[in-house]
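Let me begin by presenting the structure, written as structure tokens, before commenting on it.
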Amino acid sequence: MKITTVLVAALSAGSLFAQTPVQALDARIQVFGELIRPTSITVQAGTKDQADRSVGVGIRFMGEIASARNWYYELGGKLDSSSQMALNTGAVDLTDIKITHSYWSLGAGYLQPLGSNVSLGFHLEGRGEALSAQGAIFQNGVITGRVDASNTYLRPWVRVSLDGSWRMGSLRPYVGVDVSGTPVKTSQTQLQALSSMDNRTLRAMAPQVAGSFYVGLHF
């Protein structure tokens, strides 16, 4: 995901917040680090491989809806995070292949107060995900092919968050954790040479769950 996309998102959210009446409506900005792991795929008959875990940094904006207390609109995105495939049998080495994932997101959430400083959140968002696989295939130490595939697509995600805030002078920072998952999964329907990977096989590698830690500020 390009830096310019996140900057545009920031400016858009900022203009929306600026139009919100000042009467005790909550607006939030948070920076998060998200942990994912791509799903395993079959790379040759009887053999599966799965890329390692990766952590990506993202930003999210939330604004409370004036006519619906504790309901928020949300806008955000995660920058590229990448990891390598793991298979290396000596005869076949796929560890040069890098899997990269990023997304932008748009959604809504409800924050249930648990006391004055803690909230439990339920979020539904659409994520425009970008996934790519790039690198060389080695057999017996010799490059026998290259992988260069990329695809973008939209999936729904459900996210549950828990955070706590405190006063620090005129500021009100907060920290939290969340877990998210998507019910939409693409299945790998046929075994193909990785050097000619189709979109379906690439999408089959997309992560299904994620977890993150975030820090932010109330406005």
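As the structure is a prediction and not an experimental result, all values here were calculated from the model.
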Verify same cluster id: Val215, Val177 (apolar side-chain graph, 4.5 Å)
yes
Find out whether Val57 and Val31 are in side-chain contact, i.e. whether some heavy atom of one side chain is under 4.5 Å from a heavy atom of the other.
yes
Stepwise side-chain contact (heavy atoms from CB on, under 4.5 Å) test for Asn117 and Trp166:
CA-CA 7 Å; Asn117 298 314; Trp166 67 95; over 6 Å; no
Do side-chain atoms of Glu64 reach the backbone of Arg69 as a donor and acceptor pair under 3.5 angstrom?
no
Test applied, side chain to side chain donor-acceptor pair (under 3.5 Å); reference residue, Glu129; option that passes from Trp157, Trp104, Tyr103:
Trp157
Any side-chain heavy-atom pair from Leu194 and Ile41 closer than 4.5 angstrom?
yes
Assess whether side-chain hydrogen bond (donor to acceptor under 3.5 Å, both in side chains) is satisfied between Tyr214 and Asp163, documenting all intermediate values.
CA-CA 9 Å; Tyr214 56 87; Asp163 57 53; 2.9 Å; yes
Do His123 and Ser161 make a side-chain contact, defined as non-hydrogen atoms from C-beta onward lying under 4.5 Å apart?
yes
Basic-acidic side-chain contact under 4.0 Å: Glu34, Arg60:
no
Examine Leu124 and Tyr73 and state if one hydrophobic cluster contains both, with Ile, Leu, Val, Met, Phe, Trp and Tyr joined whenever side-chain heavy atoms are less than 4.5 Å apart.
no
Could you tell me if the side chain of Met62 sits less than 4.5 Å from the side chain of Leu111, heavy atoms only?
yes
Tell me whether Arg172 is salt-bridged to Asp26, with the criterion being a basic N under 4.0 Å from an acidic carboxylate O.
no
How close do Ala51 and Arg37 get, counting heavy atoms only, and between which atoms?
O-NE, 2.9 Å
For Lys185 and Ala204, the nearest pair of non-hydrogen atoms, with its separation, is NZ-O, 3.6 Å
Which heavy atom in Ser132 sits nearest to a heavy atom in Leu202, and how many Å separate them?
C-CD1, 4.2 Å
I would like to know whether Lys98 and Val147 meet side-chain contact (heavy atoms from CB on, under 4.5 Å); could you show each step before the answer?
CA-CA 9 Å; Lys98 180 172 70 173; Val147 179; over 6 Å; no
Okay, side chain of Asn151, backbone of Leu131: is any donor-acceptor separation there less than 3.5 Å?
no
Quick check: closest heavy atoms across Tyr174 and Ser165, and the distance to 0.1 Å?
CB-CB, 3.6 Å
Flag if over 12 foreign heavy atoms under 6.0 Å of CZ, Arg53
no
Nearest atoms (heavy-atom pairs only) where Asp96 meets Phe138
CB-CE1, 4.0 Å
Derivation and outcome, side-chain contact (heavy atoms from CB on, under 4.5 Å), residues Thr182 and Arg127
CA-CA 10 Å; Thr182 176; Arg127 295 184 182 181; over 6 Å; no
For Ile97 and Ala133, the nearest pair of non-hydrogen atoms, with its separation, is CG2-CB, 4.5 Å
Does one hydrophobic cluster hold both Leu106 and Leu154, with members joined at side-chain heavy-atom distances below 4.5 Å?
yes
Kindly say whether Thr42 contributes a backbone atom to a donor-acceptor pair with the side chain of Gln188 at under 3.5 angstrom?
yes
Begin with the C-alpha distance, continue with both residues' side-chain angles, and end with the deciding distance and a verdict on side-chain contact (heavy atoms from CB on, under 4.5 Å) for Met205 and Thr39.
CA-CA 5 Å; Met205 301 177 70; Thr39 304; 5.5 Å; no
To the nearest 0.5 Å, what is the distance between CD1 (Ile59) and CD1 (Ile29)?
4.0 Å
Answer yes if the side chains of Ser81 and Ser54 hold a donor-acceptor pair under 3.5 Å, and no otherwise.
yes
Hey, quick one: are Phe32 and Phe213 part of the same hydrophobic cluster, counting side-chain heavy atoms closer than 4.5 Å, chains of contacts allowed?
no
If you group Ile, Leu, Val, Met, Phe, Trp and Tyr by side-chain heavy-atom gaps below 4.5 Å, do Tyr110 and Leu120 land in one group?
no
Nearest 0.5 Å, please: how far is CZ in Phe61 from CZ in Arg28?
14.5 Å
What distance separates Gln208 CD from Ile36 CD1, expressed to the nearest 0.5 Å?
11.0 Å
Output for pair (Gln134 CD, Ile99 CD1), nearest 0.5 Å, gives 9.0 Å
Give, for atom OG of Ser40 and atom CE of Met85, the distance between the pair rounded to the nearest 0.5 Å.
9.0 Å
What's the separation between atom CG in Leu162 and atom OG in Ser119, rounded to the nearest 0.5 Å?
7.0 Å
